[in-house]
Protein chains: 2
Amino acid sequence: MQDNPARATIASLAREAGVAASTVSRALKGDPRISPAMRDRITALAQAAGYTPNALARTLVGGRSQLIGLVLGPIENPIYAEMMQAVVAEAARRELRVLLLHVGRGPIEDSTAAALLQYKMDGCLITSAELSSRAASVCAANGVPVVMVNRVPRLHASAVACDNRAGCEELAAHLLEGGHRRFAIVTGNPDSSNNQDRAEGFARCLRAAGLPEPLLVPGGASHAAGYAAGSRLAALPPDTRPDAVFAVSDILAMGVIDALRAAGLRVPEDVSVAGFDGIAIAAGPPYRLTTVAQPLAPMVARGLDLLVADISGARVPDDVISLRGTLMLRGSTRNFI
Amino acid sequence: MQDNPARATIASLAREAGVAASTVSRALKGDPRISPAMRDRITALAQAAGYTPNALARTLVGGRSQLIGLVLGPIENPIYAEMMQAVVAEAARRELRVLLLHVGRGPIEDSTAAALLQYKMDGCLITSAELSSRAASVCAANGVPVVMVNRVPRLHASAVACDNRAGCEELAAHLLEGGHRRFAIVTGNPDSSNNQDRAEGFARCLRAAGLPEPLLVPGGASHAAGYAAGSRLAALPPDTRPDAVFAVSDILAMGVIDALRAAGLRVPEDVSVAGFDGIAIAAGPPYRLTTVAQPLAPMVARGLDLLVADISGARVPDDVISLRGTLMLRGSTRNFI
DNA sequence: TTGAAAGCGATACCAA
DNA sequence: TTGGTATCGCTTTCAA
C-alpha cells in the first residue's frame, strides 16, 4: 500500500475533477454555498486519492497551527508523566497537537525556545512548578498565549492549579482529628510556589489549632530527598519525634516512609505520613499514602480551555483558577483516638 | 518588549535593506557567494528586527520539517518517562522537534495518526513495547520512516533495543554463581517482545545450567501486577518457594519485593529479586534492585541516527541494533555462598 | 454556485 | 555577487 509517488493535493484533485482549486477547498470543508452534488463528488475523489490536507500550508495562509508547546517538569516526579498523559488526551480532544518543548530541570535551550516561534505554535502550556522558565519569557515577549498548570503565574499569564490551601486544610483537619499533635513538615524546593504554599498552608492550620510551630525539615523534589529527610526524622530522640509528617509532595512522602521504616519505625503505627499530589504509584502497597489528589484531568482541561480562549483573542484577564483536590484517606496515617 | 505588530519576514527585511528577498535568504544562511559586507548588514538587520524564520514556510518549499513524532508507552512504567527525556535531549541536539503522538495504552486515535501526515513529520520514533501500533502502519503506508526503540521491529522498520539475551545471561550467571537454584520468573504482557525475550532468555540460561524449568508467574506491566505475582509467590509452601525471582521489568520487580516483604519474607535474605530496565526509582532504598540497566541515552541516540539516515534517503536495510545493558549488582539479591 | 488570481514566507533556479 | 521569478499547498477575496 505504498503511495509515496506524490501525495494528493488540492491542485491535483482539482485537475482530476476538472474544477478550480478553490472549489475543492470549499467542498472539502463543507462550505454551504457549494452544490451537494459537487461536494459529494469531490469528497469521494479525495477519499479515493487518500488526500490529507497539508497543515503547514494551511497555517501559512494565516490560520492557526493547532500546535501547542508543552514544557514539562522534572520527570523524577511521576506527577509530570501523569500530567503529560492528561495533556495529550485533552489536547487530542481539542484537535491540538503537542510539541514537547522541554523536559526537566535546567534552562530551556535557546533553540528549543526559538522553535516556539519558528513553528508558529498557537500557545504554550507550562506544567512545571519551577519558577524559572525561558519559554515563558519568550512567549511573553512575542505575544504567544501561555497558561501555567500546576503553578502560580509569573509574568502575566493565566494559570490553573490545585487549591493548595484548601487541600492542606482538609488534610490538617483530618490529622488533628486523628489525635496527632507533634508535626513535621518536609518542604520542597524553595523555587516552587506549590511547595511553599503547601508548607505554609499546612503550618497555618496547625497554628490556628493552637499547636506550636511544626518542625521544618528541608526536603526537595525526589524520593532520595524525602529519604534523607525521613532519616533525619528517624534519628530524632523518641520524645521529640513527630507523630505526623506532612511532605509537600507524594514522591517526597514515599521517601520519608521508606526511611522511617528502614530505621525500624512503623508507618502509620509510630508515625503517620501524608503527602500531596495523588500519584498512582503511592496509592497501593507498600505506601497506601494518605494524600490530597490533584484533579489532573480537570486541571489540564481548564488550562487548555483558557489557552484556546486566549488564542481565539478573547482577552481573558489573566485568570487564575484553583481547583479543589480530593482528600484520599489511606493507610499511611492513622487515628490515635 | 511586545512586538506582535507583524513579525519580520524575509520580505520585510529585503524591503528594509533595499535588496532582493533571495539575497536576504542567502545572506542569512551563509551562502558562500554573498559578499561579507552584505551578509553582515543583513545579519545585523535581522538581529535588530528580531527575525525568526518561519519553519512552516521553509518546509512547504520542499525541505524537511525537522519534526518527528513520538509514540510513548504506558507511563505507569517510569522507563518511558526516562526514555522521553532522552528523546527530547537527543532530538534537540539534532535540531529536531518532538511531536507527542500518543501516550500509553490503547490504539492511537485516527486523528492523531493523521497528524503524522498533516504536519509532514519527517519520521517517527516508536518507543513502546506493545506490538499494536496504528502509527506504525500509517507510517508504513505512507513511506514515513520509522524507528522502534525498545522493541523489535514489526512490519519493516529499523529498531534499536537492549540486548535482552546478553543481559539475561549476565544476570542469570550472577544469580547462579550466587548459589540460587530455585527460580521463578515473573512474566510481562504477552504482547511485548521484550518481555518474552527476557523471560525466554533467562529460562534458557537456567536450562543450560541443568536446572529444572523455572516457575512461571504471570505478571504484567505495573507495580500492582508485580505485587500480585509476589503475593502468589509468598503464599507458596516454603519448600517449593523460589530462592530467586526474576521479574522482566523493574516496575514489576518492585511490586514483587513489596509483596514479599508485606508477607513477612525478607529480600534478599529469604528471596533474591532481580529486574530489568534500570529505572532510577528502583536504584535506591527500599529496593536497591539488582537489574540490567538499559543504555537509554545511547539507544535513543542510535535510534535517531537511524531515523535521520533513513530520512536522508540512505536506504538503510532495516537495521536492527542491539545494545548491551549493564548489570547493576545491588542489594536485592545476595550470594548464598 | 464556481472560477481566477493574489498571497502567506521561504527557497532555488536562471539570468544578469 | 545579486535580482527576478516560479513554486510549495492552501485559503480567500473578487468576479462571473
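We name chains A, B, ... by the order of the sequence lines, and we start the count at 1 in each one.
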Could you give the [atom1]-to-[atom2] distance, from [X] to [N], as a whole number of Å?
X	N	atom1	atom2	result
B/Arg26	C/dC14	CZ	P	13 Å
B/Lys29	C/dA10	NZ	C1'	8 Å
B/Gln66	C/dA10	CD	C1'	15 Å
B/Leu56	D/dT11	CG	P	14 Å
A/Arg64	D/dT11	CZ	P	15 Å
B/Ile10	D/dT7	CD1	P	20 Å
B/Asn54	D/dG9	CG	P	16 Å
A/Asp31	D/dT12	CG	C1'	11 Å

_side-chain N/O A/Ser25 vs D/dT12 OP1/OP2, d < 4.0 Å_ = no
_N or O in side chain of B/Ser22 less than 4.0 angstrom from C/dC13 OP1/OP2_ = no
*Spacing of B/Ser22 atom OG and B/Ile34 atom CD1 [to the nearest 0.5 Å]*: 8.0 Å
*For DNA chain D, whose closest nucleotide is more 5', that of B/Val61 or that of B/Ser35?*
B/Ser35
Just by distance, do the side chain of [X] and the backbone of [Y] share a donor-acceptor pair under 3.5 Å?
X	Y	result
B/Ser12	B/Ala8	no
B/Asp122	B/Gln66	yes
A/Thr127	A/Val71	yes
A/Asn142	A/Val144	no

*Upstream residue (5' side of DNA chain C) when B/Pro53 and A/Val24 are each assigned their closest nucleotide*: A/Val24
_Mind checking if B/Val19 touches a base, just sugar-phosphate, or nothing, with heavy atoms under 4.0 Å?_
sugar-phosphate
*asked:* Should the side chain of A/Arg7 and the base of D/dG9 be counted as holding a donor-acceptor pair, with the cut-off at 3.5 Å?
replied: no
*Out of D/dC10, D/dT1, D/dC8, whichever nucleotide has its closest atom nearest the side chain of B/Arg33*: D/dT1
*Among C/dT11, C/dG9, D/dC10, which nucleotide sits nearest the side chain of A/Tyr51?*
D/dC10
